[in-house]
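In what follows, chains carry the letters A, B, and so on, assigned in the order in which the sequence lines appear, proteins first and then strands, with residues in each chain numbered from 1.
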Amino acid sequence: MDIPSKYNPKETEEKWYKFWEENGFFHAEVNSEKKPYTIVIPPPNITGILHMGHALNNTIQDIYIRFKRMQGYETLWMPGTDHAGIATQNVVEKKLRAEGKDKESMGREKFLDEVWKWKEDYGSTIITQLKNLGCSCDWPRTRFTMDDGLSEAVREVFVKLYEKGLIYRGNYIINWCPRCKTALSDEEAQHRDVDGVLYYIKYPIVTKDEGRRTKDDKDHVVVATTRPETMLGDVAVCVNPRDKRYKHLKESSVILPVLNRELKVIFDSKVDPKFGTGVLKVTPAHDPVDFELGVTHGLEPVNIMNDDATINEAGDRFKGMDRFEAREAIIDELKERDLFVKSEPHRHAVGHCYRCHTMVEPRLSKQWFVKMKPLSKPALQAVKKGRIKFYPKRWTKVYINWMENIRDWCISRQIWWGHRIPVYYCKACIQKSQIPNPKSQINSKSQIPKEEGTVVSKVKPEKCPACGSTELEQDNDVLDTWFSSWLWPFSTMGWPEKTKELDYFYPTDVLVTAQEIIFFWVARMIMAGMEFMNDIPFRDVYIHGTVRDDTGTKMSKSLGNIIDPIDVINQFGSDALRFSIISITAQGQDVFLSPQKFEIGRNFANKLWNASRFVLMNLKEDMVKRDLCQTASDPALSLADRWILSRFYQMLDIFSKNLASYRINDAANKIYEFIWHEFCDWYLEMAKLTIEEAHTQITIYKVLEKSLRVLHPIMPFITEDIWQRLPKEHGDKSIMASSWPHAQKAFISKKIDADMQLVIQIIQAIRNLRATWRIEYNKDVDVFIKAGKKGVVSSIEKCSTYVKKLARVSNISISDTVKKPSHAALAVIEDIEIFIPLEGVIDLEKEKKRLSDKLDGLLSELKAAEAKLKNKNFVSKAPEEVVKKARERKESISTEVVSLRKNLKLL
RNA sequence: GGGCGGUUGGCGCAGUUGGUUAGCGCGUUUGCUUGACAUGCAAAAGGUCAUAGGUUCGACUCCUAUACCGCCCACCA
């Protein structure tokens, strides 16, 4: 049988991937004969390129898909990408800017054409890369969140939720990214600790009743703020009603410095007297707490910022300045007017845009929201009742905690790329209607009144249902990308149509994802599944760790600490990447990567390749086409044969159990251990003795062939390549279409394991003696074994050929009563004694001399070490570490002396 | 402020319900080009499992506290 001496991953991977894809092995169809097994891919975004997180995530999914496929399930792995509204728009805008164009002058239609064109050109990079990784996705079913079908699902959901009163439009404080110029959801604003400054500013007091002022009262209050520029929008100052320090302010108002506006003093328990000075400036348009205060105290918000966070006309002479510029300018002015008290460093968490990392601005604006509380209830129940299980379990608590404190979801985005909100406004009706005063509606239980002149519809209505006007305009905003992703498990299968796919493949079996995405996606998918499918979207959620570099920092493009999976694939091969990353990722733990970690997989692939080469070089085709079960009863089977079969079936059992409990690294390491340290290190070496014989031929073939099948989900390419070179006793065209090995408990024998264990221990003991006594590696020795009480004479005798071969022994004498030969080396295993007579094997005199020379050297070293430690100056003055080391050194010398003396005695 | 994770030989990590000798990879030392493999083989050195208590016949494993590192969530301006 023909096999190259070097494994070439690149060539192999291309060849077999093409073979699998062309032969339709990835494709799943509704099949009533088989049970379905479904995974939906967490859709990567079209601007993305494959990173290590993807590599880990998709390797895990591919392992399960291949495993279940071999177990006879109809496996669907649904692939796709998401349109990543903000990210993609940013990328295309940047590209256009480089070409001297901008989206405003192009207009919406033309700009969107450009984005679609960009998507055609670059949007499938990641798909190609997933193929390089070996992913066996059902590519003909590939979906995109802006496909017609999925867009239809989005509109359907919007209308349904609106009609149920779960979608509303309102004026609230939202997170605003001044760079992307759009609203963000709470999840999209990522809190990061920032070294800020807390500024203390005087607000002069205007007292209506001068007579009530005492002499001690100051003529101002001091307000502490981290964002002085927002004072342009102040409408009040607020203190805690129980704060005695500020009782005198009851009838007063204060003057807003800089703008000289008169501000009310209000009292509210929301203010923490312990923070700053206990006086809060109230800026309803630019802070969520202040907004709430504004609502309860009936204050009209003053919006001071444009959409790019520059100051608008409400900021008077600061108009046009950037928010940070304005901050400086205001502080300067306050200092000039002696209204500035002090500033102190203040570390606090500030939201940042998750797409461009710009500091987000809390901003009052009119947006669309989803009311989440009603949706969260069934989703919470599904997890609490155990219908959906998290692995590792601890994420359950994180999920429940978030769900129980869920807040309304801001879903409108002021960008163009995405699903345009299916809402139409009738110009005539809107003019007639009054926009209601903002009330604190977030999480409120009351029904939200629908605005007049607003038509929510999947298709553009011909005319306004109220007044009949045809002047209808669609909302300019688009929906949050996650508003389409949360429907993914069913929208990809044709929902809202009742398709046979949905019926068969839904709910899916497992969702594999990273922790960052639990709130963005997992939680919302569960809510959507319960609401629209009336069923859970998946049964298991496996949360794997985050991929970090070897210093523990999260890998990210901006930090430049990326290890590109494609580089690793080019250098070591996809199998090596897959095996390595799986093997070092313990369940749910973060994984720290460095380039050399991928050598694990490369070396393993090399080992497997060479072992297979050895087998193929020695295999006789006509001898292996036999049934293993028939062979099992063959008395000719040797101890080694029986042992490796016993070990294989134990490994198989543990491997499957580990996969079932999402302990994938354990599974990977189990097969690694088996192939390398049992099959190669021991079985192949022993099999060399009887390689011509039928029992060895069949065993070696079966164990290799089955091991390849077990390893295939993790290392699909190399296993396919070797498998194809094996003699064909099976009709399968591909290993990926072959069946998973059946568990055969009958082959597992603890007795066989123990017998072999003894043989291995004896061989290791003899090798150890050979090394310590410096016996030339190719010199055969005689061995005397005194068997202990356990009566192992016959069992050792039976396998003495193994000992002879693997430990280079010419003669073995075993009995219960062997006497210690003179000048013999001794090893002990429990009550078994092993002797090697050294006369004639090594030069005894020379060895004696070598050892006593060494002993002399050690003794003088010991003397010196002892003297050093007796030196009081050294012990008291030298650093503790040094003294400790000296002590340890002394200890190790004395133990060496003891063993050397013992060995000398033997000579 | 709340929650979670980690602390195991020089380095990076496993250790599933508490049970004989705590494993793996890298690195180190020694020997080996042995007809599958030097991306390898053989042998070896190296750990009081962060600290202090507790439960138990028995604790790396369970409980309590402490320390350090890291992550997530959060409207103290």
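The side chain of A/Asn606 lies closest to B/U39 when the candidates are B/U39, B/A36, B/A14.
The base of B/A36 lies close enough to the side chain of A/Lys688 for a donor and an acceptor atom to sit less than 3.5 Å apart. Judged by distance alone, with hydrogens and angles left aside, A/Gln764 brings no side-chain donor or acceptor close enough to the base of B/A44 to form a pair under 3.5 Å.
Taking NZ from A/Lys202 and CG from A/Leu334, the interatomic distance works out to 10.5 Å, rounded to the nearest 0.5 Å.
Each of A/Arg394 and A/Trp676 lies near RNA chain B, and the nucleotide nearest A/Arg394 is the one positioned closer to the 5' end.
Rounding to whole angstrom units, OH of residue A/Tyr391 and C1' of B/U16 are separated by 13 Å. Rounding to whole angstrom units, CG of residue A/Asn669 and C1' of B/G25 are separated by 9 Å. The nearest whole Å value for the distance from the CD atom in A/Gln596 to the P atom in B/G25 is 16 Å.
Only the C1' atoms considered, B/C32 is 14 Å distant from B/C37, to the nearest whole Å. With C1' as the reference atom, B/G15 and B/G25 are 15 Å apart, rounded to whole Å. Nucleotides B/U21 and B/C60 place their P atoms 11 Å apart, quoted to the nearest Å.
Using a 4.0 Å heavy-atom distance criterion, A/Asp272 is classed as a base contact. Among the protein residues, A/Phe604 comes within range of no part of the nucleic acid, since none of its heavy atoms lies under 4.0 Å from any strand. Nucleic acid contact for A/Val223: none, since no nucleic acid atom lies under 4.0 Å from a heavy atom of the residue. No engagement by A/Ile584 is indicated, since no non-hydrogen atom pair under 4.0 Å with the nucleic acid exists. Within the 4.0 angstrom heavy-atom criterion, base atoms lie near A/Arg663.
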Practice task
For the pair A/Gln589 and A/Asn665, evaluate side chain to side chain contact (heavy atoms under 4.5 Å, CB included) and give the outcome as yes or no after the intermediate values.
Solution key: CA-CA 11 Å; A/Gln589 284 308 123; A/Asn665 64 318; over 6 Å; no
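Both tests do not hold together for A/Arg647 against A/Trp682: distance to the six-membered ring centre under 6.0 Å, angle to the ring axis within 45°.
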